[in-house]
Amino acid sequence: MLFTRSLSRRLRWRMATLGGVFVAVFGILLTTPSAAAGASSEAAGPAEVPEDVGTLEPGEAFMGAGTAIHEGRALDTGELSLDPLDTTGVQGIDISHWQGAINWTSVRGAGIQFAWMKATEGTSFKDSRFNTNYPAAHGAGVIRGAYHFARPDVSNGATQANYFASNGGAWSRDNLTLPGVLDIEHNPYGAQCYGLSTTQMRTWINDFYNTYKSRTTRDIVIYTTASWWNTCTGNWTGMSAKAPLWVAHWTTGSPTIPAGFPTWTVWQYTDSGSISGISGNVDRNKFNGTRDRLLALANNTP
């Protein structure tokens, strides 16, 4: 069972602030909603999810949101105990506007070495706190990067890669900037695979990859789950030699990785971690290697 209290807390907060309308969850929490309202060009139909789970407004998705919603987590489920968490090695976090204000000096002091943060979603949404978090993390010495929440149902992959690269997903060799991430997972707004066939999904991902690399010179990092990837790409092996894998599997021990990938580069092992400098739960991640290898990923060096 992957659901944790952070999902429940975020949904209850949205109910309180929006008069009982269930919307987004997780990625962390407690801040103002993103400027998603009014962008009707990306609005999807009613999400095909259990009624007691809640739905998201376009633009409010975050890492793991789609998986949690489509697996039907109950809102009042207690916090999942993952004891002991694997907090050894090179530790990182991922965030979005849901987390609110962050004290990045405290985050770095707590041993967090890297952070990816939501920059964009689809073709018109930019995370409302990205412009604050991105330079602040850099200033505190946290190796930072940006991620794009994929919406294969609203445009082709090339269009979204260009939007991402122009709105936070760019890269520079400055010893503190990681390549961009394509967050491709269960659709939090509707059908699991966004209405695309496995062939169409492979084309979409490949177009995103090629465009992003053309814009930045870097391979995109792919964030996904084994269940989504195996189902929606048909166990595709075509990205395994090109894109580092960031696997989401909230568990102890070791993660289940998607078909075709030989190993994981980053593992999101829980959405209910805690870190000094952050109010509330936060996604915790582990890098599969030493800090030197993390810097090699950031700087695109052997």
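The basis for the numbers below is simple: all heavy atoms, side chains too, and nothing from hydrogens, waters or symmetry mates. In this text, all values refer to a predicted model and were calculated from it rather than measured experimentally.
Partners of Ala137 under the side-chain contact (heavy atoms from CB on, under 4.5 Å) rule, at least two apart in sequence or in another chain, are Trp104, Met117, Val142, Arg144.
At a threshold of 4.5 Å between non-hydrogen side-chain atoms, the residues Pro179 and Asp219 do not count as touching. Using a 4.5 Å heavy-atom threshold, the side chains of Lys126 and Asn131 count as touching. Looking only at side-chain heavy atoms (C-beta outward), Phe149 and Pro188 come within less than 4.5 Å of each other. Taking 4.5 Å as the limit, some side-chain heavy atom of Val107 sits within range of a side-chain heavy atom of Ile278. For the pair Asn288 and Thr263, the minimum side-chain heavy-atom distance is below 4.5 Å. When side chains are defined from C-beta on, Thr88 counts as touching Lys286, because their heavy atoms get closer than 4.5 Å.
In terms of heavy atoms, Trp171 sits closest to Thr177 at NE1-O, 3.1 Å. Of all the heavy atoms in Gly260 and Thr237, the pair that sits closest is CA-CG2, 3.6 Å. Contact between Arg108 and Ala140 at its shortest, heavy atoms only, is CG-O, 3.5 Å. Here the shortest heavy-atom pairing between Ile95 and Ile102 reads CD1-CD1, 3.5 Å. A pairwise comparison of heavy atoms in Asp207 and Thr211 identifies O-OG1, 2.8 Å as the closest pair. Nearest approach of Pro152 to Leu196, heavy atoms of both residues: O-CD1, 3.7 Å.
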Quick one, Gln268 with Arg284, criterion side-chain hydrogen bond (donor to acceptor under 3.5 Å, both in side chains). Give me CA distance, side-chain angles, the key distance, then yes/no. CA-CA 6 Å; Gln268 186 190 76; Arg284 293 288 300 262; over 6 Å; no

Please assess Ile222 against Val181 for the test side-chain contact (heavy atoms from CB on, under 4.5 Å), listing each intermediate value before the final yes or no. CA-CA 6 Å; Ile222 291 180; Val181 174; over 6 Å; no

Could you walk me through whether Thr159 and Asn156 satisfy the side-chain hydrogen bond (donor to acceptor under 3.5 Å, both in side chains) test, starting with their C-alpha distance in whole Å, then the side-chain angles of each, then the deciding distance to 0.1 Å, before giving a yes or no? CA-CA 6 Å; Thr159 297; Asn156 60 43; 2.8 Å; yes

Which is it for Thr225 and Val247 under the side-chain contact (heavy atoms from CB on, under 4.5 Å) test, yes or no, and what are the steps along the way? CA-CA 6 Å; Thr225 64; Val247 64; 5.9 Å; no

Please lay out, stage by stage, how Thr231 and Thr198 fare under the test side-chain contact (heavy atoms from CB on, under 4.5 Å). CA-CA 8 Å; Thr231 297; Thr198 56; over 6 Å; no

Trace of the side-chain hydrogen bond (donor to acceptor under 3.5 Å, both in side chains) decision for Glu121 with His148: CA-CA 6 Å; Glu121 176 178 332; His148 174 80; over 6 Å; no

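The pair Arg151-Asp153 meets the salt-bridge criterion, with a side-chain N (NZ, NE, NH1 or NH2) lying under 4.0 Å from an Asp/Glu carboxylate O.
In this structure, the separation between CZ on Phe287 and OG1 on Thr265 is 6.5 Å, given to the nearest 0.5 Å. From Glu185, atom CD reaches atom CG of Asp183 across 4.0 Å, with rounding to the nearest 0.5 Å. Atom-to-atom distance recorded for Gln192:CD and Asn187:CG is 9.0 Å, nearest 0.5 angstrom. Met239 contributes atom CE, which lies 8.0 Å from atom CG of Leu182 (distance to the nearest 0.5 angstrom). Taking CG from Asp271 and CG from Asp94, the interatomic distance works out to 9.5 Å, rounded to the nearest 0.5 Å. From Ile93, atom CD1 reaches atom CH2 of Trp116 across 12.0 Å, with rounding to the nearest 0.5 Å.
Ring-plane geometry between Tyr269 and Trp267 is classed as perpendicular, the angle between the planes exceeding 60 degrees on a 0 to 90 degree scale with a lower cut at 30. A parallel orientation is assigned to the rings of Phe164 and Tyr212, their planes being inclined by less than 30° (bins at 30° and 60°).
Note: the hydrophobic cluster containing Tyr163 does not contain Ile184 (ILVMFWY, side chain heavy atoms under 4.5 Å, direct or indirect links).
For Trp229 and Phe261, the distance between ring centers is under 6.0 angstrom.
Tested against Tyr223, the residues Trp246, Trp264, Trp228 include a single ring-ring contact (aromatic ring centres under 6.0 Å, His included) partner, Trp246.
Figure legend: cation-pi geometry between Lys242 and Tyr209, with NZ or CZ positioned under 6.0 Å from the six-membered ring centre and within 45° of its axis.
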Cut-off 3.5 Å, no hydrogens considered: what does the side-chain donor-acceptor table look like for residues 295-302, sequence neighbours left out?
{"unit_1": "Asn299", "atom_1": "OD1", "unit_2": "Asn175", "atom_2": "N", "d": "3.0"}
{"unit_1": "Asn299", "atom_1": "ND2", "unit_2": "Asn175", "atom_2": "OD1", "d": "2.7"}
{"unit_1": "Asn299", "atom_1": "ND2", "unit_2": "Leu295", "atom_2": "O", "d": "3.3"}

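The disulfide (SG to SG under 2.5 Å) pairs that include a residue from residues 215-302 are Cys193-Cys232, where partners are two or more places apart or lie in different chains.
Without hydrogens or angle criteria, Asn206 side chain to Arg202 main chain gives no donor-acceptor distance under 3.5 Å.
Of the N and O atoms on the side chains of Ser272 and Thr270, at least one donor lies less than 3.5 Å from an acceptor on the other residue. A side-chain N or O of Arg215 and one of Ser166 form a donor-acceptor pair less than 3.5 Å apart.
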